[in-house]
Amino acid sequence: MLDVQALIDKKDEIEAQIKAYYDVLEDQKGVGMDAPLIDREGYPRADVDIYQVRTARHNIVCLQNDHKAIMKEIEEALHNLHAREKEKRNKDDAEAQAEACLQNLPESFAKIDAVTPGSPANLSGLQVGDEIVAFGSVNASNFQTLQNIASVVQHSEGKPLSITVVRDNKSVNISLTPQRWSGKGLLGCNIIPLKR
């Protein structure tokens with residue numbers, strides 16, 4: 001923003017100089033940029049300061065070129081400034097959306113600490129680090145101890161259980177059927193309660 005302001009200040013300065021040189025031309029009988037500097041016989045006009053008029057005209061042309069260049073620089077600087085602002089706004093929107101997604105995720109009450117290969121938990125797709133939001137009828141509002149989950153597992157042997165977990169900030173639904181297998185227990189995973 002400071003770069004743009006500096007360029008605009010420079011542009012204003014150039015415009016003031018151009019106006020001052022036009023004022024010089026106006027003071028010289030209003031010759032402007034195109035009026036001839038010789039009379040009808042081809043002699044230099046005696047009623048104007050030829051040197052001053054030619055210098056003013058030359059400086060006006062140079063300053064107009066400088067003005068065009070600085071206007072192009074201002075245009076590019078403004079374009080870059082707005083592009084950066086748009087990029088920042090898009091990034092802020094993306095972060096806000098990600099944060100909103102996190103806030104909209106249901107509350108988890110336990111976490112998968114270990115999954116044994118070949119176990120019912122492993123075959124259902126449960127992974128270490130999954131945070132449990134719902135385990136059958138158990139959820140964050142009625143969970144007290146791991147005994148709640150053990151009770152649901154005991155009563156659901158051989159029947160599919162609906163489990164909802166949070167994985168990578170996304171809610172994932174899994175169907176798990178507690179059953180006897182070559183390992184210990186009916187699930188083959190270790191669940192730990194989350195401290196709230």
Check the surroundings of atom [atom1] in [X]: do more than 12 heavy atoms from other residues, nucleotides or ligands lie under 6.0 Å from it?
{"X": "Phe143", "atom1": "CZ", "result": "yes"}
{"X": "Glu75", "atom1": "CD", "result": "no"}
{"X": "Glu26", "atom1": "CD", "result": "no"}
{"X": "Asp9", "atom1": "CG", "result": "yes"}
{"X": "Lys11", "atom1": "NZ", "result": "yes"}

Does some side-chain heavy atom of [Y] sit less than 4.5 Å from a side-chain heavy atom of [X]?
{"X": "Lys184", "Y": "Thr116", "result": "no"}
{"X": "Asn142", "Y": "Asn148", "result": "no"}
{"X": "Leu186", "Y": "Arg180", "result": "yes"}
{"X": "Ile149", "Y": "Phe109", "result": "yes"}
{"X": "Tyr21", "Y": "Arg57", "result": "no"}
{"X": "Asp49", "Y": "Gln28", "result": "yes"}
{"X": "His67", "Y": "Met71", "result": "yes"}
{"X": "Leu176", "Y": "Pro120", "result": "yes"}

Looking at every heavy atom in both [X] and [Y], which two are closest together, and how far apart are they?
{"X": "Pro193", "Y": "Leu146", "result": "CD-CD1, 3.8 Å"}
{"X": "Val4", "Y": "Ala77", "result": "CG2-CB, 3.6 Å"}
{"X": "Ile132", "Y": "Phe135", "result": "CG2-CB, 4.0 Å"}
{"X": "Ser156", "Y": "Pro178", "result": "O-CD, 3.6 Å"}
{"X": "Trp181", "Y": "Gly118", "result": "CE3-O, 4.1 Å"}
{"X": "Cys189", "Y": "Ile112", "result": "SG-CD1, 4.4 Å"}

### Task
Start with the C-alpha gap between Ile191 and Lys111, add the side-chain angles, then the distance that decides, and say whether side chain to side chain contact (heavy atoms under 4.5 Å, CB included) holds.
CA-CA 6 Å; Ile191 300 172; Lys111 186 175 184 176; over 6 Å; no
Strictly distance-based, threshold 3.5 Å: is any side-chain N or O of [X] a donor or acceptor partner for the main-chain N or O of [Y]?
{"X": "Ser124", "Y": "Ala121", "value": "yes"}
{"X": "Ser151", "Y": "Gln147", "value": "no"}
{"X": "Asp168", "Y": "Lys170", "value": "no"}

#### Entry: Flag for Gln179-Glu157: side-chain donor and acceptor within less than 3.5 Å
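No, Gln179 and Glu157 have no side-chain donor paired with an acceptor closer than 3.5 Å.
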When hydrophobic residues are tied together by side-chain contacts of less than 4.5 Å, even through go-betweens, does [X] share a cluster with [Y]?
{"X": "Val138", "Y": "Ile192", "result": "no"}
{"X": "Leu126", "Y": "Val172", "result": "yes"}
{"X": "Leu7", "Y": "Leu63", "result": "yes"}
{"X": "Ile74", "Y": "Ile18", "result": "yes"}
{"X": "Leu37", "Y": "Ile60", "result": "yes"}

### Task
Test Glu131 against every option in Thr164, Val165, Leu194 by the side chain to side chain contact (heavy atoms under 4.5 Å, CB included) rule and name the one that passes.
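Going through the options one by one, the only one that passes is Leu194.
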#### Entry: The single option from Asn190, Asp113, Val115 passing side chain to side chain contact (heavy atoms under 4.5 Å, CB included) against Val128
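For Val128, the side chain to side chain contact (heavy atoms under 4.5 Å, CB included) test succeeds with only one of Asn190, Asp113, Val115, which is Val115.
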### Task
Go through the steps to decide whether Arg167 and Asp130 satisfy the test salt bridge (Lys or Arg N to Asp or Glu O under 4.0 Å), and finish with yes or no.
CA-CA 5 Å; Arg167 181 184 301 155; Asp130 285 351; 2.6 Å; yes
When rounded to the nearest 0.5 angstrom, what is the spacing between [atom1] in [X] and [atom2] in [Y]?
{"X": "Glu15", "Y": "Ile70", "atom1": "CD", "atom2": "CD1", "answer": "10.0 Å"}
{"X": "Arg89", "Y": "Lys91", "atom1": "CZ", "atom2": "NZ", "answer": "14.5 Å"}
{"X": "Leu78", "Y": "Glu73", "atom1": "CG", "atom2": "CD", "answer": "12.0 Å"}
{"X": "Asp93", "Y": "Lys86", "atom1": "CG", "atom2": "NZ", "answer": "11.5 Å"}
{"X": "Gln5", "Y": "Asp3", "atom1": "CD", "atom2": "CG", "answer": "10.5 Å"}
{"X": "Asp66", "Y": "Gln17", "atom1": "CG", "atom2": "CD", "answer": "8.5 Å"}

### Message
Using the rule given for salt bridge (Lys or Arg N to Asp or Glu O under 4.0 Å), can you reason through Arg45 versus Asp47, listing the C-alpha separation, both sets of side-chain angles and the distance that settles it, and then say yes or no?
### Response
CA-CA 6 Å; Arg45 285 175 58 178; Asp47 61 335; 3.1 Å; yes
### Task
Report the C-alpha distance between Gln127 and Asn122 in whole Å, list the side-chain angles of each, state the deciding distance to 0.1 Å, and finish with yes or no for side chain to side chain contact (heavy atoms under 4.5 Å, CB included).
CA-CA 7 Å; Gln127 297 177 7; Asn122 177 248; over 6 Å; no
